[in-house]
Amino acid sequence: MLGFFRDGFFKDFTVLMLVTVIIGAIFSSGVAWAVDSYFGDTIDGMIGEYGEFDIILHIREEAREAAERELKRIAAEQYPGAKVDQTITIAGQANFFFGFPEEFRTREVMESLPAIFNGIPGINGYTVIIEPSILIRGVHSSVRTELTERIEAITGVRFAFKDGVNMLVVLEDMQYSRDVTEQVNQILDEYQILELRFPIGFEVDTQLTGEEVIDIIENEFGPKLLKNVTSLEHGDDLDAFLTALVEMRNFLLSYASKVRIQADPNIHLIVGERLVVQGLSDAKIVVGEESAQDHLVIEVLAVEGQNAEGIIIEGSIAAAQDTIKQDIYRLRSDGLITERVGSVELENERYKLEYTINESLKLLHELDELAHEAHLAVDNAEAILDVFQEALIQLDLLQIQMRKLNEGITQGNAQSVGEQLIISLLLNGLFKNLAAANEEQTETPIETLENLDIEAMRSSLVNIADQIANVQEIDVQAIIYQIEHLRDSLPQMEDEDIGKSIRLINTYLAGQVIPGERVQILVEGEPLDEKVMEPIIREGLDNPYVNTYSVSAGMVNPDARSEILRLLQEIRATIAGIMAVIFTIGILILDHATIFSTLKWVLGNRRKIFTWIFGAIVGSVILTLVYILSGAEIPYVSIPVVIILGLMIGFIVVVMAEKFSPVDRNEIMAGQALGLSNVQIMREIVIPASRPGLMNLLNRWKQQF
Amino acid sequence: MLEIKNLSKSYGKLKAVDGVDMKISRGETVVIMGPSGCGKSTTIRCINRLTEPDTGEIIVEGKNILELSDKELLKFRRKVGYVFQHFNLIARLSVLDNVMFHLVLAGLDRQEATARAQLALAKVGLANEWNKRPGNLSGGQQQRVGIARALVGNPELMLWDEPTASLDPILVREVLDVMEELVQTTKTTMVIVTHEVSFASKVADRILLMDKGKIVEAGTPAEVFGNPQSEIGIKYQRLIAS
């Protein structure tokens, strides 16, 4: 067989093969590209050029112009180089594309999108279309941070960021999509959320139950990386809201009237059951009859032995100021009073609070007045002290004069005995009166007066005046205003309203937080089989009704555009592959079959196996090279399969070569008889007589006749 | 000039040629006759190796043709004129090109090749048909083109493989006339395979009768047809007599 090629046809054949492969690759990839381009252009027209925009902003139609102005301002001032473009308006909603410049396509910017676009007039929301990217839906908050770090370490990942409950993984290039997706899936497989669901109305303490479940798993399967992530499932905002609800419930409980129940011996109260009390109603409780409308209906909140606490869910004791002590009865759901269960004490805390606040306000008002009056009293006291001090001085002078007068009388220069007597009586009376308050003292009245510490008294008065001044400096009016405001702000709720509110909050909290009906355990590493786990957990928790489910920590879901583009790429690659096969079959039938026919005849039947092998190899080489060079990729068809397919196509074409492209054996024989070489026979006889094609075209350059 | 020794050729189980020996002198005209399928065409094709024999020797001018290299074989073939039963003309080429193209491909100047081709065509009476396509010629004319093509290279040996077998009886004559003339006017060694008994009687120096792949009788036309020794010879004698 080699002899057939040896004399020069080998070169012709080599050139033919090369040109065949090149044209085949161009043809296959060209057709595929045309299809890809057509669909790609259609998509681009709808959602912009690939990678051009990062976000679609949804704006109410009436605010379109204002939104456009604001978007352009943001683009110009905050993100120079950013692109803004308006796209289709659907159902009263205008849509704008926004594309960040390359330097701003970062995790920080993407996670700040709500803040960046919050002020856009008429904004209804936005959709992130950053490309190329992979979308991970429903990423559990407990693994988000760790996932982000691990995913960003994957080759081809530019960064990852949180978008609501989803995570978007931005790629460096679309070509990484498949590899990154596989690796992200592998990472996600390492995390498992084991979810325990309790029957409706069956509330558990999620924290305690979670820890209990972790112990059960570890006892059964050994130490594992387990974490109770129940409270993390809703995210920070909802957690804060739920915390606020719990606080609100606690406030309402303290604000509600206190209901303390003392159950009779042999009576067992149950949390949640309803009891009835006469309250302030005129209608007495009668066992066996229905309760009256103004009876108080109480729901048991907590039970401890024979003591229980409850809330009023129907009726009110708003008018009651003192503690009410009454009998309490069991109330059936149909309103029938069944039996006495004990006694109850009802206290209206709400009324007491209001009363106390009002009294405080009165005190504050009085305090203000008192300070004013005290200030005036001190001033008066100081004036009296001044007068008293002056009087003492005068008294001293009078005493001196009296002594001189007395000496004068003794010495005979007194004016009369009668005057002396009068003066003496007056002085004695005066001193007696002055010293009346200090009769026990041994001092004389004059001495007593003289010994009074006027300065100390004045100092005390000054201190009192200072303290009164301090009191007056307190902004009592502001305190009064705020306390009044506080009083006015207190919920104007009846016991019934409070009770119903508490019950509603409890109902909501029951499904969301502690206590709840669902416990989530994060399992890292080897996943647990929920079917194996369920009986173990049921036994461990002693609860045959708990169901166990395995939930993914996140689900990879390429974003719509990436998915479309990936599909288009697959379609393009598949079309290229199909085109490569069609081209190979076509070129083998149209061109190469002539060579095969000639070769078969030249070599004869005894050596036809060489022709088969040759044809199969030619088919395989053409198909494989065209397939690879055109970027073809048919799903489930690997390169070895392509090689085998090429071998089969080549073999079939060789076997049927004479039917596809018969050669005139007489002409070939004539050439041989005339001493023509094989290459001359091919160039001058066989190929010119064959179908117009690539081989025929290439032969024209060397053909002499 | 040509010696064939113990030539054999089988197609599967069928032994087409079975130990043929012959010796042909330069300028001799040898006619091989025999019933269809007796191996005469296979024998003549083996001489220029259009069919590769299984065994034997074919010695031309002292060289065993079966041992020639590819190049030597091509060179040898150019010295051998071959006329086919079915003319084997190249349908796409003109009459002139059919006659000259192998000369050009062998390296001869195109003008000289053209001149020689025109001369050869003149010899076979087709000088005016040079630019026609073979398909536009009659069977006899086509065969004459085939003869011109064989002659144009001035061959030392001409092999004729039943040149009239596919012609209408009316056209056979014009071909035989050309052949007779060529035999008489050239000194080329000729090996002719034919069923034309009268033609063979007239032109053959020697006649070889073949049957079942073997030469069963050889001799001058007078010997073979006058006093046949073989069964085939006797049949031919009866044919002539009838």
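- Cation-pi geometry between A/Arg683 and B/Phe101 is not met at under 6.0 angstrom from the ring centre and within 45 degrees of the axis.
- The minimum heavy-atom distance linking A/Ala670 with B/Asn88 is given by the pair CB-O, 3.1 Å.
- Heavy atoms of other residues, nucleotides or ligands lying less than 6.0 angstrom from CD1 of A/Ile571 number more than 12.
- Inter-residue side-chain proximity for A/Asn666 and B/Phe84 is flagged as unmet; no heavy-atom pair is nearer than 4.5 Å.
- For chain B, the option among A/Pro688, A/Gly675, A/Gly671 with the highest count of heavy-atom pairs below 4.5 Å is A/Gly675.
- If you measure heavy-atom distances from B/Ala91 to chain A, the contacts under 4.5 Å come from both the backbone and the side chain.
- The local environment of CZ in A/Arg178 is sparse, with at most 12 non-hydrogen atoms from other residues, nucleotides or ligands closer than 6.0 Å.
- More than 12 heavy-atom neighbours from other residues, nucleotides or ligands sit within 6.0 angstrom of CG on B/Leu14.
- Remark: A/Trp601 CH2 is packed, more than 12 non-hydrogen atoms of other residues, nucleotides or ligands lying under 6.0 Å away.
- A 6.0 Å sphere centred on CD of B/Glu57 holds more than 12 heavy atoms belonging to other residues, nucleotides or ligands.
- Here the shortest heavy-atom pairing between A/Ala673 and B/Leu50 reads N-CD2, 3.7 Å.
- More than 12 non-hydrogen atoms from other residues, nucleotides or ligands lie less than 6.0 angstrom from CD of B/Glu52.
- Among all heavy-atom pairs drawn from B/Arg45 and A/Met669, the shortest one is NH1-CE, 3.8 Å.
- In terms of modelled atom types and a separation under 3.5 Å, the side chain of B/Arg92 and the main chain of A/Ile685 share no donor-acceptor contact.
- Remark: the backbone N or O of B/Leu105 is not paired with any side-chain donor or acceptor of A/Gln704 at under 3.5 angstrom.
- Taking CG from B/Asp97 and CD from A/Glu684, the interatomic distance works out to 10.0 Å, rounded to the nearest 0.5 Å.
- For B/Leu103, no part lies near chain A; criterion is any non-hydrogen pair under 4.5 Å.
- Of all non-hydrogen atoms in B/Arg78 and A/Leu674, the two that sit nearest each other are CG-O, 3.6 Å.
- Here the straight-line distance linking atom CG of B/Leu73 with atom CD of A/Gln672 works out to 9.0 Å at 0.5 Å rounding.
- Between atom CZ of residue A/Phe705 and atom CZ of residue B/Arg110 there is a gap of 4.0 Å, rounded to the nearest 0.5 Å.
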